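Input: one structure, supplied below.
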Amino acid sequence: MTISARAVARFAHFTPSRALRGILAAAVLGAVAAPDLADAAARARVARPGAFDGTWNVTFTPQAGNCHATNTFPFNVYGTLVSSAGGGKVTGGISRNGSVAVRIQVGASWANGSGRLAGNVGAGRWSGLITGDRCSGVWQAMRS
């Protein structure tokens, strides 16, 4: 059996301190990469796009202003978009974590709302101009 001069030369440069530096470098790289792996795992647990898909019945309750009627409207959620399921124009969006922001228009009346959906329910606040009066209040939603 013969050992090449090249193999002997590589082994001659190997020292315990060099090995220790290599191990430390690998440990540092692992520590730096670990938070990325943890973040990826956390992102995987967050609701995926489409987790809130369906028709939601949203009840608007006035709390301030000259608006006294409570109204319920159906909304559609598909992916990250919120739209009308009948009755007025609804535009808006929803994030993966359920944060929602919408604008509703029915004739000259309009309202902006924001809040959060979780599972099959949601809640938030709204404000707008309803039949010429500034009003605001709360909303509650339930997936049908």
Side-chain angles (χ1 to χ4, degrees), residues 4 6-144:
S4 73
R6 192 178 277 173
V8 171
R10 280 191 197 139
F11 186 72
H13 292 293
F14 179 79
T15 63
S17 65
R18 195 171 204 185
L20 184 57
R21 279 186 282 179
I23 292 169
L24 287 174
V28 168
L29 287 174
V32 169
D36 289 337
L37 294 174
D39 289 344
R43 284 190 300 271
R45 286 190 300 271
V46 174
R48 70 191 189 293
F52 302 103
D53 287 359
T55 302
W56 292 76
N57 291 311
V58 184
T59 301
F60 295 88
T61 304
Q63 292 182 321
N66 194 24
C67 303
H68 305 295
T70 295
N71 292 296
T72 301
F73 295 99
F75 288 18
N76 281 326
V77 174
Y78 181 76
T80 59
L81 300 176
V82 179
S83 62
S84 175
K89 179 182 178 184
V90 176
T91 55
I94 183 166
S95 70
R96 288 174 170 218
N97 69 5
S99 295
V100 64
V102 297
R103 180 172 180 87
I104 305 120
Q105 285 185 271
V106 179
S109 297
W110 59 269
N112 293 320
S114 64
R116 188 175 197 106
L117 302 179
N120 291 319
V121 296
R125 302 200 54 78
W126 66 270
S127 64
L129 190 65
I130 313 298
T131 61
D133 292 313
R134 287 244 174 238
C135 301
S136 62
V138 296
W139 60 266
Q140 292 183 320
M142 183 174 288
R143 189 171 3 201
S144 30

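Small disclaimer: the values here were computed from a predicted structure and weren't measured. One is the number of the first residue; the rest follow in order along the sequence.
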Check your understanding: Do the side chains of Arg116 and Asn97 get nearer than 4.5 Å, heavy atoms only?
Key ->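 Asn97 vs Arg116: side chains touch.
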
Review point. Within the side chain of Trp110, is there an N or O that forms a donor-acceptor pair under 3.5 Å with the backbone of Ile104?
Key: no

Review point. So how far is it from Gln140 CD to Thr72 OG1, rounded to the nearest 0.5 Å?
Key: 10.0 Å

Check your understanding: Do Leu117 and Trp56 come within less than 4.5 Å of each other through their side chains, counting heavy atoms only?
Key -> yes

Review point. If you round to the nearest 0.5 Å, how far is CZ of Phe73 from OG1 of Thr59?
Key: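 These two atoms lie 10.0 Å from each other.
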
Check your understanding: Considering the options Thr61, Ile130, Thr131, Leu129, which one meets the side-chain contact (heavy atoms from CB on, under 4.5 Å) requirement together with Cys67?
Key ->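 By the side-chain contact (heavy atoms from CB on, under 4.5 Å) criterion, Cys67 pairs with just one of Thr61, Ile130, Thr131, Leu129: Ile130.
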
Point to revise | Check: Lys89 main-chain N/O paired with Arg103 side-chain donor or acceptor under 3.5 Å | key: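 Flag not set: sc Arg103 to bb Lys89 has no pair under 3.5 Å.
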
Check your understanding: Is a donor on one side and an acceptor on the other found under 3.5 Å between the side chain of Arg134 and the backbone of Gly65?
Key -> no

Exercise for review: Could you tell me whether the side chain of Pro62 reaches within less than 4.5 Å of the side chain of Thr70, counting heavy atoms only?
Suggested key: yes

Point to revise | Exercise: identify the closest heavy-atom pair between Ser84 and Asn76 | key: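 Minimum heavy-atom separation between Ser84 and Asn76: O-ND2, 3.5 Å.
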
Check your understanding: Of all heavy-atom pairs between Gly79 and Ile94, which one has the smallest distance, and what is that distance?
Key -> O-CG2, 3.6 Å

Check your understanding: According to the interplanar angle, ranging from 0 to 90°, do the rings of Phe60 and Trp126 count as parallel (below 30°), tilted (30 to 60°) or perpendicular (above 60°)?
Key ->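 Rings of Phe60 and Trp126: perpendicular, as their planes differ by over 60°.
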
**Study point:** Polar side-chain atom of Thr55 near backbone of Ser144 as donor-acceptor pair, under 3.5 Å
**Key:**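 Answer holds: no.
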
